[in-house]
Amino acid sequence: MPPAPVNGLSVDVEDWFQVGAFEHVIDRADWDRLDLRVERNCDVILRMFADAGVKGTFFTLGWVAQRCPSMMRRIAGEGHEIASHGWDHARVFTFDRDGFAHDLIRARDVLQDITGCAVIGYRAPSFSIDARTPWAHEVLAEQGYRYSSSVAPIHHDHYGWREAPRFAFRPVAGADLVEIPVTTAELAGRRMAAGGGGFFRLLPYAVSRWAIGQVNRAGHPALTYFHPWEIDPGQPRVADAPLRSRLRHYTRLDAMAGKLKRLLSDFPWGRMDRLAAIEAERLA
Ligand SMILES: [Zn+2]
């Protein structure tokens, strides 16, 4: 049997008050007055990764990096990749081309200045590169990004680009940029995003293990992503958010750490830039 593919391990570094589900009940202007918990949660994640002996990629908001520079240096210092998640979680389809280019530059400048590491990877907030943003990958290629992990090839109520390829592809003709879509699984003719988020946290761990196994058995690497707030049962509760959002956000936070430990030991994991380099070679 060929060796199992190395899968991409990623953390989307944002805090509990920055998630899309709460954007209508938490005022952007209040962010600096809210309890910033991302740093202690990232320290828990760093310990977990160190215990498992794995390296991963931290797609970080420029807004967070600016407020937590020592955390950023700890992440980079432990051998993890620093990549961009944009400035303040504005989704790509809310920008025009120039606005997106500006958001990318602002976030990358801060990430690189703080860590001294070159940023070559990008993940759009809420996987928001889709059919509405045909210029987005071109802008990433113009700015020299090597990879993006910003597309969800599914239908979902908040996001999705069903027509996009399921596995790594070159989105801009003549450019080296590789897009690595979020991992999807297929069951009874239905396709679902199986890379992380609610799928991983809300469903039994065995479902994620099955989905990643399905992708690996087909010869493809999978990726997983989660957020620092997902391992933090003590975070403040946003009472006036819609019930559906609250159910999605707060359910099974206490089970996450245990599930993540199993995930890290059941499959081989690596940084997304490493995965992107392997995929670029395969696509060449
Ligand atoms: Zn995010």
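Remember, predicted model here, so these are calculated numbers, not experimental data. Just follow the structure's listing: the first ligand is 1, and inside any ligand the first atom is 1. All values below were derived from every heavy atom in this structure, side-chain atoms included, with hydrogens, water molecules and symmetry-related copies excluded.
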Return all side-chain donor-acceptor pairs below 3.5 angstrom for residues 110-117, not counting sequence neighbours, or 'none' if the list is empty.
| residue | atom | partner | partner atom | Å |
| --- | --- | --- | --- | --- |
| Gln112 | OE1 | Val119 | N | 2.8 |
| Thr115 | OG1 | Leu111 | O | 2.8 |
| Thr115 | OG1 | Cys117 | N | 3.1 |

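Residue contacts to the Zn ion (ligand 1): His227 brings no N, O or S atom closer than 2.8 Å. Taking backbone and side-chain atoms together, Glu14 has an N/O/S atom less than 2.8 Å away from the Zn ion (ligand 1).
The hydrophobic cluster containing Leu203, built from Ile/Leu/Val/Met/Phe/Trp/Tyr side-chain heavy atoms closer than 4.5 Å, also comprises Leu187, Met192, Phe199, Val207, Trp210.
The closest side-chain heavy-atom distance from Pro153 to Arg191 is below 4.5 Å.
His85 contributes NE2 as its N, O or S atom closest to the Zn ion (ligand 1).
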Checklist entry - Can Asp32 and Arg67 be said to form a salt bridge (Lys or Arg N to Asp or Glu O under 4.0 Å), step by step? => result CA-CA 10 Å; Asp32 266 316; Arg67 283 155 183 80; 2.8 Å; yes
